[in-house]
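Letters go in sequence order (proteins before strands), and every chain restarts at 1.
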2 protein chains.
Amino acid sequence: MKILVAEDDSNLGLLLTTFLTAKGYEVKLTTSGTDALESYRNSPTDFQFILLDVMMPQKDGFAVAKEIRLIDKKTPILFLTAKSMEADRLKGFELGADDYLTKPFLMEELLARIHAILRRTNPVEPSAEISLGEFDYNISLGTLKRTHQTQKLTTKENALLSLLVKNQNEVVDRQGALRAIWGDDSYFNGRSMDVYIAKLRKILGEDPSIKIINVHGIGFKLMIK
Amino acid sequence: MKILVAEDDSNLGLLLTTFLTAKGYEVKLTTSGTDALESYRNSPTDFQFILLDVMMPQKDGFAVAKEIRLIDKKTPILFLTAKSMEADRLKGFELGADDYLTKPFLMEELLARIHAILRRTNPVEPSAEISLGEFDYNISLGTLKRTHQTQKLTTKENALLSLLVKNQNEVVDRQGALRAIWGDDSYFNGRSMDVYIAKLRKILGEDPSIKIINVHGIGFKLMIK
DNA sequence: GATGTTGTTAACGTTTGGTTAACGTAATTT
DNA sequence: AAATTACGTTAACCAAACGTTAACAACATC
């Protein structure tokens, strides 16, 4: 999932890139409307989402959107702007924008709005799938896909795997995981989690590059070579 | 194109109704979350857009959205609220909202946002007949036609099937369906719904490409190959 | 009143997923 | 080295969830 970002404020551009990359998106950052349009034109089918700052020198976000919409009516466009003028907002929507977010905004809200737009844009694949070794893991559906097979995970399996995946290459604290998934960290819940770790090891064992490592006395770590 | 509006401020409710009606929409105005949910449940296939005020007595907009999303993952939901708290905004999106607009807002912006969302969601107007595998299903008449046969469905059969068809390929929450069709999710209503699921499986079994799948502990999903 | 229709509930069963037991190995502490 | 704690693995157990068929109750129609 690749996002084209046009933002002339380098701090915000960097922040956006870092944040969205951490959330699993590939980001192409451009710092002017001209560059954005050029990037788009170089590979128009590459981008699944476009984030446009309105106030940019030379070619502003509106001009870019107008140009893009001439040849692409589908790729979602979300405008970012410091200006809160109502006429501008309406203009953005008229140009075919999907949303319009006023600075300053919470990064989490931006992400929520991106998700909402993608949810209705790609109803067939409502949730992003995470690449996990040879598997494609869908947290929402609780499915693990590989070649021609799809394995459905149980609720507990999915909860535990999603926690490990979200903290890939980092140790997930044993007691914390127990409290988060089982509600408290009693002895038997701990044994239950060990059972589920074994289940996940068995399922993921089809791909030898995936390992769930125990860090003694601390917790578990999901690693992929 | 019918919009369900829930707004307890009668001035704003009237304004919304007048404005949207003038823009060509049919509006069902409700003044409480409870009434909104009841209106929705009475004819779930009627509405193509839902406008929910967040702050309403008894059942707030969030609670309404939560209940609706159990049995309808697609119909667009836009929240209106006087509160601009960020946590609330994120909560709205997590519940499956498509947009979130803070009062006071320009009516024209509301309309633009509705259009932007509808542009993406291809709203399904209730039609005379829906193609369902080898069957032609008429929700209004409660009939299933196939080759030279027409089967008449009972009220409960029709309510359940229309809910499954509306959410084809999506899981319909068991408890949500029970509350929507039977009024509450007690044990015996659950057993009754299981009986009706069996009835529908028997009726639809004439076409082997149609399956009603149980997702354990969650609900049912209608799938067609 | 007899009959038909629809919805509810009973009865018996299967499936599912989570918990716990049991036996063991690995790591740390004494 | 021995004892203790932490974790690995497999399977038994159990209750909840659900599938199916039929009996029963309530209501409508003739």
Side-chain angles (χ1 to χ4, degrees), chain A residues 141-144 150-164 171-206 210-223, chain B residues 70 141-144 150-164 171-206 208 210-223:
Chain A
L141 297 179
T143 55
L144 270 178
T150 298
Q151 166 122 11
K152 184 123 177 65
L153 301 173
T154 68
T155 304
K156 283 277 170 46
E157 288 168 345
N158 195 31
L160 188 54
L161 183 58
S162 73
L163 188 54
L164 291 170
V171 183
V172 175
D173 182 72
R174 185 182 176 84
Q175 313 311 130
L178 281 170
R179 287 193 292 268
I181 300 177
W182 270 267
D184 78 75
D185 55 6
S186 63
Y187 169 80
F188 281 120
N189 284 343
R191 309 306 288 124
S192 189
M193 183 163 73
D194 292 333
V195 170
Y196 277 94
I197 289 285
K199 284 181 196 287
L200 291 181
R201 280 172 171 150
K202 183 166 184 184
I203 292 165
L204 298 168
E206 294 180 20
I210 308 180
K211 299 288 184 207
I212 299 180
I213 305 292
N214 169 249
V215 180
H216 198 89
I218 299 177
F220 297 100
K221 174 166 39 172
L222 176 72
M223 302 196 70
Chain B
L70 289 177
L141 297 179
T143 55
L144 269 179
T150 299
Q151 165 122 12
K152 179 113 178 73
L153 300 173
T154 67
T155 305
K156 284 280 171 44
E157 286 168 345
N158 194 31
L160 188 54
L161 183 58
S162 69
L163 189 54
L164 291 170
V171 183
V172 174
D173 183 77
R174 186 183 177 85
Q175 313 310 129
L178 281 169
R179 287 195 289 269
I181 300 177
W182 271 268
D184 77 75
D185 56 5
S186 62
Y187 170 81
F188 281 118
N189 284 343
R191 308 308 287 126
S192 188
M193 183 164 71
D194 292 334
V195 170
Y196 277 93
I197 289 284
K199 285 181 197 288
L200 291 181
R201 280 174 171 147
K202 183 165 184 184
I203 292 166
L204 298 169
E206 294 179 19
I210 308 181
K211 299 288 184 209
I212 299 180
I213 305 291
N214 167 250
V215 180
H216 195 89
I218 298 176
F220 295 100
K221 172 165 43 170
L222 176 73
M223 302 194 73

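- Atom-to-atom, OH of Y187(B) to P of dA15(D) comes out at 15 Å; the value is rounded to the nearest Å.
- Atom CG of D173(B) sits about 7.0 Å away from atom CZ of R179(B), to the nearest 0.5 Å.
- Rounded to an integer number of Å, the gap from Y196(B) OH to dT9(C) P is 11 Å.
- Rounding to the nearest 0.5 angstrom, the gap separating the CG atom in L161(B) from the CD1 atom in I197(B) is 9.0 Å.
- Atom CG of N214(B) and atom C1' of dG19(D) are 9 Å apart (whole Å).
- In this structure, OG1 in T155(A) is found 11.5 Å from CD1 in I181(A), a value given to the nearest 0.5 Å.
- Going from atom CG of L160(B) over to atom C1' of dT6(C) covers 15 Å, rounded to whole Å.
- Per the geometry, CE belonging to M193(A) stands 15 Å off P belonging to dT20(C), to the nearest Å.
- Along DNA chain C, the nucleotide nearest to H216(B) and the one nearest to T155(B) differ in position, and the one closer to the 5' end is contacted by T155(B).
- Minimum atom distance to the side chain of R201(A) is reached by dT9(D), of the listed dG19(D), dA21(C), dT9(D).
- Here the straight-line distance linking atom CG of L70(B) with atom CD of Q175(B) works out to 9.0 Å at 0.5 Å rounding.
- Across all strands shown, S192(A) has heavy atoms under 4.0 Å from base atoms, whether or not it also approaches the sugar-phosphate.
- Rounded to whole angstrom, the span from the CG atom of L200(A) across to the P atom of dG17(C) amounts to 14 Å.
- Nucleotide dA15(D) holds its C1' atom 14 Å from the NZ atom of K156(A), rounded to whole Å.
- With N189(B) contributing its side chain and D184(B) its backbone, the two residues share a donor-acceptor pair below 3.5 Å.
- Contact check of residues 172-182 of chain B against DNA chain C (heavy atom, cut-off under 4.0 Å) returns W182(B).
- The phosphate of dG19(D) (OP1 or OP2) has no side-chain N or O of K199(B) nearer than 4.0 angstrom.
- For the pair N189(B) CG and dC18(D) C1', the computed distance is 16 Å after rounding to whole Å.
- F220(A) comes within 4.0 angstrom of the backbone, heavy atoms only, and of no base.
- If you check distances only, the side chain of R191(A) does reach the base of dG8(D) with a donor-acceptor pair under 3.5 Å.
- When the nearest nucleotides of DNA chain C are assigned to V195(B) and K152(B) by heavy-atom distance, the more 5′-ward of the two goes with K152(B).
- If you check every strand for non-hydrogen atoms under 4.0 Å, D194(B) touches a base.
- In this model, the phosphate group of dT16(C) is not approached by any side-chain N or O of T154(A) to a distance below 4.0 Å at OP1 or OP2.
- Looking at K221(A), its side chain never comes within 3.5 Å of a backbone N or O of K211(A) through a donor-acceptor pair.
- Ionic pairing of R174(A) and D194(A) is present here: one or more N-O contacts between side-chain nitrogen and carboxylate oxygen are shorter than 4.0 angstrom.
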